[in-house]
Structures are given as C-alpha cells and as structure tokens.
2 protein chains.
Amino acid sequence: MELRADARHNRERILDAAREAFATRGLDVPMAAVARRAGVGVATLYRRFPSRESLITEVFGDELATCASVVDEALADPDPWRGFRVMVEKVCAMQVADRGFTEAFLTAFPEAVDFERTRARAERGLAEVVARAKAAGRLRADFAPADLVLLLKANCGAATGSPEEAAAASRRLVAYLLQSFRAEHAEPLPPAPPLTLGHLHATATR
Amino acid sequence: MELRADARHNRERILDAAREAFATRGLDVPMAAVARRAGVGVATLYRRFPSRESLITEVFGDELATCASVVDEALADPDPWRGFRVMVEKVCAMQVADRGFTEAFLTAFPEAVDFERTRARAERGLAEVVARAKAAGRLRADFAPADLVLLLKANCGAATGSPEEAAAASRRLVAYLLQSFRAEHAEPLPPAPPLTLGHLHATATR
DNA sequence: CGCTAAACGGATGGGGTCGTCCATTTACGC
DNA sequence: GCGTAAATGGACGACCCCATCCGTTTAGCG
C-alpha cells in the first residue's frame with residue numbers, strides 16, 4: 001500500500017539520519033538518537049522500522065550491493081590477481097570508512113532476505129575470484145575462501161582509533177596480508193579455520 | 001593496615017570471580033555479576049575495589065607480568081628470529097585464551113601505576129627484540145614496532161566466535177603475518193601507522 | 001564469654017535505553 | 001471547506017546497570 005506524502009518524506013529523513021549515525025557511532029546507536037537526528041518522534045521510527053534490524057537492513061542494502069559489484073569488477077578484470085587484490089583493498093577500505101557497515105557486514109541477519117540473497121551471490125562470486133587467481137598461479141594454493149573472512153575480521157580489529165589512524169593501519173595490514181597470500185615463497189600454514197562466509201552470522205554477534 | 005580474615009578471604013573470592021568473568025564475558029561484565037559469582041554483596045565488591053578499573057588492574061597484574069616475561073624469553077633466545085616469532089605467537093595465544101586480557105591490554109589505564117611501569121619495560125624490551133631480529137637479517141628492515149600493535153589489534157578482531165574457531169583463526173592469521181614480516185622477498189609497504197604502544201591508550205577505548 | 005570495630009549485603013536512587021500507547025495533528029479525497 | 005483515516009511524537013512503564021547508604025552480622029581481642 002502507498003505511504004502518504006509526509007510519511008514518505010519522514011521515511012527518507014530517517015534513513016539518512018540512520019546512515020549517518022551508523023557510520024559514525026556504529027550499530028549500537030540508540031534509536032532515540034536516530035529519531036532526534038531525523039527530526040522525528042521515536043514512535044514514527046518504530047512504526048516505519050519495527051526492529052533495529054529492519055532499519056539496518058534497509059540502510060545497508062545499497063552498500064551491500066556496492067560490495068557485490070566490487071566482486072563483479074574483480075571477475076571482470078583480465079588479470080585475476082589484480083582483480084583479487086583490488087577487490088580486497090576496496091572492501092577493506094569500505095570497512096574502514098563506515099563503522100556501521102563493518103558491523104552490519106560481520107553481524108549479518110539471517111532473517112533479512114535481501115541480505116541473504118545478495119550475500120549468496122557475493123559468496124559464489126568470491127569463490128570464483130579465488131579460483132581464478134589460484135589457476136593463474138598467483139594466489140597460493142592453500143588459500144581458503146574463509147581466509148577472506150579472516151582478513152575482514154582482522155581488518156575490523158585493526159581499524160580502530162581516529163579515521164586517519166584506522167585508514168593507515170588498514171592499508172598496512174592489507175599490504176602485509178596480500179603479500180603472504182601470493183603463491184611465490186608460500187610457507188606451510190596451520191589449517192584454515194572452519195569458517196565460511198555463512199558462519200559470519202554466529203561469530204561477530206558479540 | 002591489615003584486613004580481617006573474612007575480608008581477606010572475600011577479596012580472594014572476588015579476584016577469582018572477576019578473573020573468570022573477565023576472561024569469558026569481557027571487561028564490560030556487570031559488577032553485580034562479579035559479586036554474585038563471588039558469593040558476595042555488591043557493597044563488599046565496591047568497598048574492596050572502588051572502581052572497575054582498580055579491580056581490572058589487580059586482576060591483570062599477573063598476566064601483564066607474564067607478558068613481560070615473554071618479552072624477556074624472546075631476548076634470551078639465541079636465535080633472534082625464533083625469539084621474535086615465539087614471542088608473537090605466545091602473546092597472541094594469550095589474547096585468544098582470555099578475552100578480558102585482550103581488552104585490558106588494548107584499553108590500558110594511564111592511572112594504573114603498575115600497568116605503566118610494566119608496560120614501559122615491555123616496550124623497551126620489544127624494541128630490543130625487533131632490533132635484534134632485524135640485525136640478524138631475518139626481520140624485514142621496514143618493520144615498525146607499531147606493527148606489533150597492528151598485529152595485536154588484528155588478532156583481536158580475528159579471534160571471535162567459539163574458542164576453537166578463535167584459536168584456529170588466530171593461529172592462521174599469525175602464520176600469515178609472520179611470513180610477511182620476514183626479510184626475504186619483502187615487498188614495498190604503505191607507511192606505518194603513527195601508532196606507538198603508548199597510543200593504545202586512546203585507540204581501543206571504543 | 002562479651003564487647004566493639006570491622007565487615008557484610010540487600011535495598012535504594014539515579015541514569016540510560018527500549019518499545020508501546022494514546023491524544024493530537026495533518027494530508028487529501030469529496 | 002470538511003471529515004476521516006493515516007500519521008505523528010511525547011510520555012510512559014519495564015528493564016538493566018552503577019554506586020551508595022545503612023541496618024545487621026561477625027571476627028577476634030581482652
């Protein structure tokens with residue numbers, strides 16, 4: 001059913017406010033703060049988005065799509081290794097730029113249908129990127145797709161402090177890790193953690 | 001002045017309870033939960049440890065000392081690289097085993113005199129370990145002491161989920177990073193983040 | 001054994017967030 | 001204009017945590 005004009009307007013203001021609040025203060029920001037920032041009552045916020053999760057899902061729908069498109073770009077790159085590398089760098093940069101995005105990405109919401117679908121697509125794409133980079137002999141053979149999760153979680157931990165510090169730390173960590181992901185001079189590794197992208201649900205919930 | 005026998009007894013129970021609670025639930029565990037676990041009233045807890053920080057300081061005094069001794073072991077190893085590597089592996093394992101320790105280590109408390117002194121000593125020791133490993137030609141020349149902070153923060157982020165998952169993830173991450181810390185085949189890196197161990201105060205406070 | 005100071009712990013007030021309820025306001029079809 | 005249903009937002013009760021207060025209990029000395 002159609003929303004009334006004022007309702008539609010307020011919905012947009014809420015989404016904008018939530019986007020900004022999540023980016024700077026993380027997903028734990030009080031609902032009341034989002035409402036205040038949107039110039040709206042708390043009830044309006046709750047009527048439009050019955051749960052915090054539904055708000056988050058809506059807000060990060062776009063960014064998740066961006067994420068998926070980054071995977072597609074990686075697949076389109078004629079150089080498999082460069083595709084892999086750039087993909088990793090971009091996603092990590094996104095993680096650093098938007099604190100809320102990081103949390104949303106790591107926490108995940110099984111209920112959010114959109115999330116599920118987009119994520120499944122991203123997961124297939126990722127496996128493909130990894131496989132191509134290995135086939136080209138540039139990515140070490142014992143690299144596990146779960147190592148990407150490892151990288152994201154590590155990046156999340158490294159990217160604390162002021163935005164400048166976070167960006168610098170992330171760049172350096174990513175550079176270090178990309179180097180050890182390369183096939184040349186690879187040394188033996190302990191077994192991969194039993195994580196799949198799907199396991200992210202359980203992990204970072206706290 | 002001397003504590004009465006029952007008071008001393010309760011103090012021990014509180015410290016035990018706090019150690020366990022911090023290890024499993026992190027430093028944010030409610031004071032009341034610690035008191036309950038210790039079989040003690042909240043007031044007793046607050047009388048003995050006026051602030052949460054004082055409790056934390058007391059609880060992690062030992063573990064910090066352990067940390068310092070790990071640095072000493074590294075310095076005592078005739079093989080500088082092995083000393084470095086084992087030191088990193090041990091500290092990261094400690095981080096994984098005790099969630100509270102991680103937070104305490106990263107959060108730090110400028111007021112806690114003991115912390116300050118022990119940490120300053122550890123910091124000097126670390127610089128020495130790094131210098132020796134570089135001099136031996138095993139650690140890459142552009143390795144910055146701040147990279148150890150980077151490693152710890154990354155490890156903290158990676159070590160989420162069940163204890164088994166956390167341990168596996170940490171081991172693998174450390175293996176990856178140690179490999180890229182080696183002098184051989186080192187590739188250019190982006191500049192080191194401007195972090196010193198001292199900067200840890202500001203960073204992970206949330 | 002009895003007394004007193006030390007220690008105890010439950011109750012309490014203050015602050016904060018969550019999510020709902022309801023009296024009031026507003027859009028918009030007629 | 002006007003009436004109605006949709007939309008609004010502040011107030012409210014429930015819950016949780018912190019930290020203190022105070023009436024009660026207990027250790028340990030003489």
Side-chain angles (χ1 to χ4, degrees), chain A residues 1-60 99-100 103-104 107 109 111-112 205-206, chain B residues 1-60 99-100 103-104 107 109 111-112 205-206:
Chain A
M1 97 182 191
E2 278 302 300
L3 282 180
R4 228 168 62 177
D6 54 343
R8 220 177 325 119
H9 178 236
N10 275 338
R11 189 174 190 280
E12 287 311 312
R13 307 234 315 161
I14 290 174
L15 282 176
D16 287 347
R19 206 179 332 268
E20 190 183 336
F22 287 154
T24 58
R25 294 209 256 162
L27 297 186
D28 283 341
V29 66
M31 294 295 258
V34 175
R36 189 158 10 91
R37 202 189 283 245
V40 136
V42 199
T44 304
L45 174 51
Y46 275 103
R47 188 171 328 99
R48 217 47 76 203
F49 305 95
S51 68
R52 175 185 297 273
E53 287 186 8
S54 63
L55 178 58
I56 293 171
T57 306
E58 203 70 31
V59 166
F60 291 105
R99 181 172 160 188
E103 293 179 53
T107 308
F109 301 102
E111 315 80 58
T205 33
R206 213 162 251 278
Chain B
M1 94 181 190
E2 278 302 301
L3 283 180
R4 225 168 64 176
D6 53 344
R8 221 177 325 119
H9 179 234
N10 275 339
R11 189 173 190 281
E12 287 312 312
R13 307 233 316 160
I14 289 173
L15 282 175
D16 286 346
R19 208 182 329 270
E20 191 183 336
F22 287 153
T24 59
R25 294 209 257 162
L27 297 186
D28 283 341
V29 68
M31 294 295 259
V34 175
R36 189 158 11 90
R37 200 188 284 244
V40 134
V42 203
T44 304
L45 173 52
Y46 276 103
R47 189 172 326 103
R48 217 48 74 204
F49 305 95
S51 69
R52 174 185 297 273
E53 286 187 9
S54 64
L55 177 58
I56 293 172
T57 305
E58 202 71 30
V59 166
F60 290 104
R99 182 171 161 190
E103 293 180 51
T107 307
F109 302 102
E111 316 79 59
T205 34
R206 209 162 253 277

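Residue numbers start from 1 in every chain, and the chains themselves are labelled A, B, ... in the order their sequence lines are given, proteins ahead of strands. Everything quoted here is computed from the prediction, not taken from an experiment.
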Item to check | Inter- and intrachain pairs under side chain to side chain donor-acceptor pair (under 3.5 Å), touching residues 1-10 of chain B, at least two apart | outcome: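 Those involving residues 1-10 of chain B are B:Arg4-B:Asp6.
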Next on the checklist: Within the 4.0 Å heavy-atom criterion, would you say B:Arg48 contacts the bases, only the backbone, or no part of the nucleic acid?
Outcome noted: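 Sugar-phosphate only.
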Checklist entry - What is the nucleic acid contact for A:Arg36, judged by heavy atoms within less than 4.0 Å: base, sugar-phosphate only, or nothing? => result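 No contact.
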Next on the checklist: By nearest heavy atom, map A:Gly39 and B:Arg4 onto DNA chain D; which one lands nearer the 5' end?
Outcome noted: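 Per heavy-atom nearest nucleotide, the more 5' residue is A:Gly39.
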Item to check | Residue met sooner reading DNA chain D from 5', once B:Asp6 and B:Val42 are mapped to nucleotides | outcome: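 Here B:Val42 is the residue nearer the 5' end.
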Next on the checklist: Using the side-chain heavy atoms of A:Ala43, tell me which of these nucleotides is nearest: D:dA27, D:dG9, D:dA19.
Outcome noted: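 Between D:dA27, D:dG9, D:dA19, the one nearest the side chain of A:Ala43 would be D:dG9.
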Nucleotide [N], atom [atom2] - distance to [atom1] of [X] in whole Å:
X	N	atom1	atom2	value
A:Arg13	D:dA7	CZ	P	17 Å
B:Glu2	D:dC29	CD	P	12 Å
B:Phe49	D:dA19	CZ	P	15 Å
A:Arg11	D:dT8	CZ	P	12 Å
B:His9	D:dG28	NE2	P	12 Å
B:Arg52	D:dA19	CZ	P	7 Å

Checklist entry - Side-chain contact, heavy-atom cut-off 4.5 Å: A:Leu55 with A:Phe22? => result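 Yes, side chains in contact.
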Item to check | Contact interval (first through last nucleotide) of DNA chain C with protein chain A, 4.0 Å heavy-atom | outcome: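 That gives a stretch of C:dT17 to C:dC28.
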Checklist entry - Taking 4.0 angstrom as the limit, do A:Arg11 and A:Glu58 come out as a salt bridge? => result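 Yes, this pair counts.
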Checklist entry - What heavy-atom pair brings A:Ala38 and A:Arg13 nearest, and what distance separates the two atoms? => result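 Looking at all heavy atoms of both residues, the closest pair is O-NH2, 2.8 Å.
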Checklist entry - If you pin A:Pro30 and A:Arg47 to their nearest nucleotides in DNA chain C, which one's is more 5'? => result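 Final value for this comparison: A:Pro30.
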Checklist entry - Is A:Asn10 near enough to D:dT8 that one of its side-chain N or O atoms lies under 4.0 angstrom from OP1 or OP2? => result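 Yes.
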Checklist entry - Is any side-chain N or O of A:Thr44 closer than 4.0 Å to OP1 or OP2 of D:dA7? => result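 No, A:Thr44 has no side-chain N/O under 4.0 Å of OP1/OP2 on D:dA7.
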Next on the checklist: Going by side-chain contact (heavy atoms from CB on, under 4.5 Å), name the residues that satisfy it together with A:Tyr46, two or more places apart in sequence or in a different chain.
Outcome noted: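 For A:Tyr46, the residues satisfying side-chain contact (heavy atoms from CB on, under 4.5 Å) (neighbours in sequence not counted) are A:Met31, A:Val42.
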Checklist entry - In Å and rounded to the nearest 0.5 Å, what is the CD to CG distance from B:Glu20 to B:Asp16? => result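 Here the rounded value is 8.5 Å.
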Next on the checklist: Tell me if a side-chain donor or acceptor on A:Arg52 pairs with a main-chain N or O of A:Val29 at a distance below 3.5 Å.
Outcome noted: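 Indeed, once roles are kept as given, a pair shorter than 3.5 Å links the two residues.
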